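Remarks on the structure that follows.
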Amino acid sequence: MSNNSSSNDINWLGLEAPRYTSYPSAHHFTTRIGVDQHQQWLQAIETETSISVYIHIPFCKELCWFCGCHTKMTKRYTPIAQYVQVLLQEIYNLKQHIGNKGIIKNIHFGGGSPSLLQSADLMAILSALEDVFGKNAIEELAIELDPRTTPSKNIELYKKLGFTRVSIGIQDFDPIVQQAINRVQSFEMVKSIIHQFRAVDMPHINVDLIYGLPHQTAERFRDTLLKTIVLNPSRIALFSYAHIPHVKKHQRMIEIEWLPTEQDKLVLYVMACEMLVANGYVIIGIDHFAKVDDPLAVAMQNHSMKRNFQGYVTKTTDVLIGVGCSSISQFPQGYIQNSADVTLYRDHVEATQLPSQRGWQFAIDDIIRKRVIDEIMCFMTVYLAEICEEFGLDHNYFQTELKALQDEQFQEIYSIYENKISIKTPYRMAARVVAFVFDNYRNVAAGRFSKVA
């Protein structure tokens with residue numbers, strides 16, 4: 001890869017576009033789709049329906065200034081314990097709609113900081129899922145961890161409970177950057193935790209990094225990358241920092257002049273790609289890296305990798321059920337999001353109601369465009385003719401989009417040959433720009449997305 005870039009590249013990488021963990025983006029969800037549809041879609045689950053469950057824990061011990069998640073700070077465990085009781089009730093409430101149907105394949109604990117969960121509460125959640133769905137052979141049981149709130153005693157517990165993958169938040173190892181984002185954790189602390197997980201034979205260890213943070217320089221970020229490579233994780237997520245203080249007010253603690261320019265961010269991104277590839281990682285999609293033998297790299301190679309609210313996954317289940325405040329469920333018929341207000345969420349659950357607040361019901365055109373966008377975001381390539389044939393469409397179905405892509409501003413980003421569109425720029429996040437052209441709702445929520453770079 002080269003650090004050289006044309007002005008056209010930079011112009012488009014500064015645009016705003018969704019990250020396309022869903023299509024349409026959650027910005028478009030409407031309150032017209034809610035409890036009734038949620039109930040119908042749950043009841044439509046069949047005995048052999050494969051299910052992934054996402055458990056949202058919206059609490060952190062400290063609030064990181066860069067964070068864009070639905071979470072809140074607490075120094076006490078009482079609010080977490082109270083929330084877990086509501087979450088357990090939500091799981092049991094599902095039984096009246098699902099019965100004992102469906103087979104859980106994957107369970108993912110996200111947040112916030114699920115590492116704050118005490119062992120009794122963590123076991124209670126897993127037990128509740130087993131009570132509702134039965135005892136299944138779980139293919140992947142994963143949890144996101146903050147190394148600052150992951151006690152050593154829990155490491156063996158995670159292994160004993162059957163967890164197969166842990167994701168550890170690093171973000172950056174430089175102390176100046178850490179001070180600026182209110183997340184101070186030493187390399188030695190993270191190294192110790194990873195070594196402890198390896199000592200209990202945890203199969204897969206992921207880490208998260210962020211580029212574009214305040215005070216990041218090429219020299220400082222290179223040091224973070226070198227230390228990360230020493231840790232030898234299975235996968236690395238390399239997220240672009242999205243500065244949206246108008247949406248996340250705590251980001252106002254980060255001064256705009258502290259941030260790298262778009263050009264500087266691209267230098268950081270290219271450097272990371274080159275270093276990680278040189279050390280045995282494969283680039284996955286727009287922002288992930290995996291060891292060659294990791295299931296995600298294998299799934300990309302055999303074209304079975306998918307994208308959903310959990311990011312890039314080896315494969316998708318028929319249904320994704322989100323449990324907890326603000327969590328999103330995905331059904332063949334559409335999306336449903338729980339209330340993001342903890343009080344409203346609790347009130348609905350305690351009244352044995354579904355806490356659905358808003359959602360989206362797919363039209364056939366949504367399903368078609370989701371297929372195009374997923375291909376672009378996963379594989380940097382889409383064969384439009386094949387998709388038209390798959391859905392029985394006229395081969396001119398995307399004529400408007402193809403015409404729009406002829407604009408000279410796109411020329412440095414993609415190439416096209418016989419309806420095969422490929423991302424050609426080394427800045428793979430530009431896939432979001434091309435995907436945006438195929439977004440039928442791109443003009444509806446303008447100005448609400450993060451910048452591509």
Side-chain angles (χ1 to χ4, degrees), residues 21-22 37-57 84 87-110 114 117 121-144 158-167 202-204 294-296 298-299 302-324 327-338 349 352 354-356 359 361-362 367 370-371 374 378:
T21 52
S22 72
Q37 289 79 14
H38 196 179
Q39 181 174 314
Q40 292 168 16
W41 299 347
L42 286 169
Q43 291 174 349
I45 290 175
E46 299 178 349
T47 303
E48 298 302 315
T49 298
S50 60
I51 297 173
S52 294
V53 177
Y54 172 79
I55 308 290
H56 189 62
I57 308 299
V84 169
L87 194 148
L88 291 171
Q89 183 64 52
E90 183 189 2
I91 293 172
Y92 284 113
N93 288 350
L94 289 171
K95 192 164 188 175
Q96 65 181 298
H97 304 288
I98 299 176
N100 290 109
K101 297 179 296 181
I103 302 171
I104 292 186
K105 297 289 187 180
N106 308 307
I107 301 172
H108 185 100
F109 286 80
L117 287 173
D121 284 337
L122 180 60
M123 289 188 287
I125 294 169
L126 292 173
S127 178
L129 290 171
E130 187 175 309
D131 288 346
V132 172
F133 294 97
K135 189 173 179 63
N136 302 308
I138 304 299
E139 294 177 0
E140 181 162 281
L141 179 56
I143 188 167
E144 298 171 11
Y158 294 140
K159 175 66 176 180
K160 190 177 296 184
L161 291 175
F163 280 87
T164 56
R165 186 176 298 278
V166 295
S167 296
M202 178 60 63
H204 303 287
D294 184 90
L296 192 60
V298 174
N302 63 27
H303 213 85
S304 63
M305 183 177 73
K306 303 293 183 182
R307 187 162 174 81
N308 63 18
F309 292 107
Q310 295 168 334
Y312 291 106
V313 295
T314 54
K315 54 187 174 182
T316 56
T317 52
D318 299 319
V319 169
L320 167 63
I321 294 178
V323 179
S327 64
I328 299 175
S329 298
Q330 181 174 336
F331 298 89
Q333 302 92 335
Y335 305 113
I336 290 289
Q337 183 171 24
N338 285 353
V349 171
T352 67
L354 293 169
S356 334
Q361 185 164 350
F362 292 137
I367 296 171
K370 182 180 187 305
R371 181 90 157 74
D374 284 352
C378 287

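For clarity, every value in this text was computed on a predicted model and none was experimentally measured. The basis for the numbers below is simple: all heavy atoms, side chains too, and nothing from hydrogens, waters or symmetry mates.
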Are side-chain heavy atoms of Leu87 and Ile57 found at a separation under 4.5 Å?
yes
Heavy-atom side-chain proximity of Ser50 to Asp318 below 4.5 angstrom
yes
Check whether Asn93 reaches the backbone of Val349 with its side chain - one donor and one acceptor, N or O, closer than 3.5 Å.
yes
Using the rule side chain to side chain donor-acceptor pair (under 3.5 Å), only one of His204, Arg165, Lys105 pairs with Glu140; which is it?
Arg165
Using only atom types and a distance under 3.5 Å, with no angle test, would you say the side chain of Glu90 pairs donor to acceptor with the backbone of Gly324?
yes
Heavy-atom count check: over 12 atoms from other residues, nucleotides or ligands less than 6.0 Å from Lys306 NZ?
no
Just checking, any donor-acceptor pair under 3.5 angstrom between side chains of Ser327 and His56?
no
What do the steps show when you test Asp374 against Arg371 for side chain to side chain contact (heavy atoms under 4.5 Å, CB included), and what is the final call?
CA-CA 5 Å; Asp374 284 352; Arg371 181 90 157 74; 6.0 Å; no
Check the orientation of Trp41 and Phe331. Use parallel for under 30°, tilted for 30 to 60°, and perpendicular for over 60°.
tilted
Under a 4.5 Å cut-off applied to non-hydrogen side-chain atoms, are Leu141 and Leu126 in contact?
yes
So, does Thr49 use its side chain to make a donor-acceptor pair with the main chain of Glu46 at under 3.5 Å?
yes
Quick one: do the Gln310 and Asn106 side chains pair a donor with an acceptor below 3.5 Å?
no
Report yes or no: does Lys101 contribute a side-chain atom to a donor-acceptor pair with the main-chain N or O of Leu42 at less than 3.5 Å?
no
With under 30° as parallel and over 60° as perpendicular, where do the rings of Phe163 and Phe109 fit, or are they tilted in between?
tilted
Considering all heavy atoms of both residues, which atom of Asn338 and which atom of Gly322 are nearest to each other, and what is their separation?
ND2-O, 3.8 Å
